[in-house]
Each structure stands twice: as structure tokens, then as C-alpha cells.
Amino acid sequence: MRTPLPSTLSGAGWGLIGVAAFSFTMPLTRIAVGGLSPLFIGSGRAVVAAVLAGVALAVTRQAFPSGTQRVRLAVVAAGVVVGFPVLTSYALTVTPASHGAVVVGLLPAATAVMAVLRTGERPARAFWLFSLAGAIAAVVFALVEGGGFGEVHGADLLLFGAVVAAAVGYAEGGLLAREIGSWQTVSWALVLSAPLMLTLAGVALADQAPAATAGEWACFAYLSVVSMYLGFFAWYRGLAIGPMARVSQVQLVQPVMSICWAALLLGERIGWLTFAGGLVVIACAGGAVRTRLGLTTAVAKDDVDFVRRLPGA
């Protein structure tokens, strides 16, 4: 039985809700690693989310995915359940906040490329210009605000790997959401990866006992419930409605949001460059989202049929 979310919003609207939920991930991870090991944060939050997912799937009696769908769910899990959380958790123990923001700045363009490869979408040249300009603006904005020019950290490889992992997981998850539903997709991906993540969490606990404060545990709870689970309800819903390449560009506003949350939660100062850079990034995102995409006939028809099948469409 499929229980999809209401579809009164556009794909970009659902995507923006997901991005708002994800925008707390970087600053809260920076807080959580103060008392919890990166391996525990990356794996433990997936275990907590998998428990919630298992309950939701059991209560609503969701049909078990087919063999092909399970293989594709494994790809989603490798990208967004294992790859991105674990790689960024390790990277944020040794890199400044600016380098964490680089991940988010590059992710929209990477997701758009993966969406084109997987769906047959054909964005116009203007879309790629806005996307490239937005990626550059987001990265420069984050680096300038964080004072991150000059030194290159070895953990940049972890951050680059996280970008690729998330982009693959987002594109494949968006396609699966069209078949089995948005929350069902992330739920099955979490359940499928639960044995591995539970093992990694056990290894992390054996290696380093948690010594977190109440605030650090609260950050871990958000990362588990929202960043790892609920945020994907809206994000995969938006990608499923699509077009994926265009919806992915909503992520360009995430670095701006993350730095604002970092200022509120960590006391970091926001200067005039933040507002100027933020406006440029948001303008690029708006331009990319408004750009018309040249889709193949089959893809365009599939998207129209999918949206018509959604409740309220």
C-alpha cells in the first residue's frame, strides 16, 4: 500500500522544504563531533532512522520492493545512508566550516549531471550557465565567509567523495520515488543498510565511549530523525515531481542557510559579504530553477503522467 504525500506544491517547493531541513546538518555535525566520534555519528544516526523507517513500513504494510528495486535501493543507501554521512562526519573533524560548505556548493551541479545521465533530461545551455555560476558563487561565498582561501586540506578528498555519493543517491532515489513513493524510498534504503550501519555503530562504541553533552546528543537526535529521515520525505518528493536537474538547483541556497544557522548556533559573525554573496547564490538558484528544460518526449510524458497520478494533481 502506497501512502504518498499531498502534491499541492511544485517539485521545487518540496525540494526547498528538504533543503531547509538539511541546512542544519553541517553546523549540528560540527557540534556533535565535540563529544561523539565521527563513525558513531555517521552510522548511529542511520541506525536510529532505520528503526523509525522499519516501524513506518510495518504499520502501513508496504509491499516489499522487487529484486531490481532492491539493487537500486542499495545504490541509494550507499550514497545517502553510508557515503555522505560517514565521509562528511570524518571530514568535519579536521576541516573548517568553509570546506563543509564547499560540499553543498558543488552538490547541485553534481546532482544535475547525475539526473541527466539517469533520466534523459536535456537542460538548456542557460540552465548549465546558471548552475555553474551558482556552484562557483556558493563555493567562493562559503570560502570567503569562512576565511578558507589558501590552505587545501587532505580531507577534501572525503568531501569530494561525499558529493559524488550524495549526487548518485539523490538521482537514483528520485527515480525510485516515482515508483514506490518518496518516504518509502528512504525508508527501504535505511532498512536495507541497517545491518551494516549497526555493525559500524558497535565498532565505534567499542573504540570510543560517547562523552557527549546534552546539547551534543540533541544535535545527534536531529541528525538522526530529520537529516537522515524526515528531510528526505520532501526532498525525494521534489525530485520525483521534477524535473530533477532543475529541482536539484534549489540546493544552492543551502550554504547560505547553513552559515546563518552557524551564526545563530555557534556565534559566528555574519558580515556584509554574507548578504551580498547570499543574494548572488539565491539569484543563480532562481535562474536555474526557472530555466526551461528540453526533455525527450518519453521523459516528458512520464513526468506528466506521474504528476497526474499524484493526489490533488
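We use all heavy atoms of the structure for the numbers below, so side chains are in, but hydrogens, waters and symmetry mates are not.
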message = Is it the case that the side chains of Y229 and S187 hold a donor-acceptor pair, with the cut-off being a distance below 3.5 Å and no angle test?
response =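 Judged by distance alone, the side chains do pair up.
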Using every non-hydrogen atom in the two residues, find where [X] and [Y] come nearest and quote the distance to one decimal.
| X | Y | answer |
| --- | --- | --- |
| S37 | Q208 | CB-OE1, 3.6 Å |
| P108 | Q249 | O-NE2, 3.0 Å |
| V250 | G15 | CG1-C, 4.0 Å |
| S248 | T111 | CB-CG2, 3.6 Å |
| G231 | A21 | CA-CB, 4.0 Å |
| S193 | A77 | CB-CB, 4.0 Å |

Treat each ILVMFWY residue as a node, draw an edge where side-chain heavy atoms are under 4.5 Å apart, and state whether [X] and [Y] are in one component.
| X | Y | result |
| --- | --- | --- |
| V82 | V51 | no |
| L52 | W183 | yes |
| V113 | L129 | no |

Are [X] and [Y] side-chain neighbours, meaning at least one heavy-atom pair lies under 4.5 Å?
| X | Y | answer |
| --- | --- | --- |
| P65 | L73 | yes |
| P210 | L205 | yes |
| L107 | Y170 | yes |
| P85 | I41 | no |
| M228 | L223 | no |
| F220 | F40 | yes |
| M197 | L190 | no |
| E179 | R72 | yes |

Nearest-0.5 Å distance that lies between atom [atom1] in [X] and atom [atom2] in [Y]:
| X | Y | atom1 | atom2 | value |
| --- | --- | --- | --- | --- |
| L175 | M114 | CG | CE | 12.5 Å |
| F64 | I180 | CZ | CD1 | 10.5 Å |
| L192 | R70 | CG | CZ | 9.0 Å |
| T185 | F233 | OG1 | CZ | 10.5 Å |
| Y236 | I241 | OH | CD1 | 15.0 Å |
| M26 | T88 | CE | OG1 | 5.0 Å |

ask   = Yes or no on side chain to side chain contact (heavy atoms under 4.5 Å, CB included) for L16 and Q254, after CA distance, side-chain angles and deciding distance?
value = CA-CA 9 Å; L16 186 58; Q254 192 169 327; over 6 Å; no
message = Regarding E216 and R30, does a basic nitrogen lie under 4.0 Å from an acidic carboxylate oxygen?
response = no
key: Q251 and W235: CA distance, side-chain angles, deciding distance, side chain to side chain contact (heavy atoms under 4.5 Å, CB included) verdict   = CA-CA 10 Å; Q251 286 179 293; W235 179 241; 3.4 Å; yes
task = Check the pair S89, T29 against side chain to side chain contact (heavy atoms under 4.5 Å, CB included), reporting the backbone distance first and the verdict last.
result = CA-CA 7 Å; S89 294; T29 300; 4.3 Å; yes
ask   = Is there a donor-acceptor pair under 3.5 Å between the side chain of R178 and the backbone N or O of A240?
value =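 Pair found, side chain donor or acceptor close to backbone of A240.
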key: side chain to side chain contact (heavy atoms under 4.5 Å, CB included) between Q62 and W188, worked out   = CA-CA 10 Å; Q62 297 296 311; W188 284 117; 4.2 Å; yes
message = Which residue is it: W217, F22, F24? I am looking for the one with a ring-ring contact (aromatic ring centres under 6.0 Å, His included) to Y222.
response =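 Going through W217, F22, F24 one by one, the ring-ring contact (aromatic ring centres under 6.0 Å, His included) with Y222 is satisfied by F24 alone.
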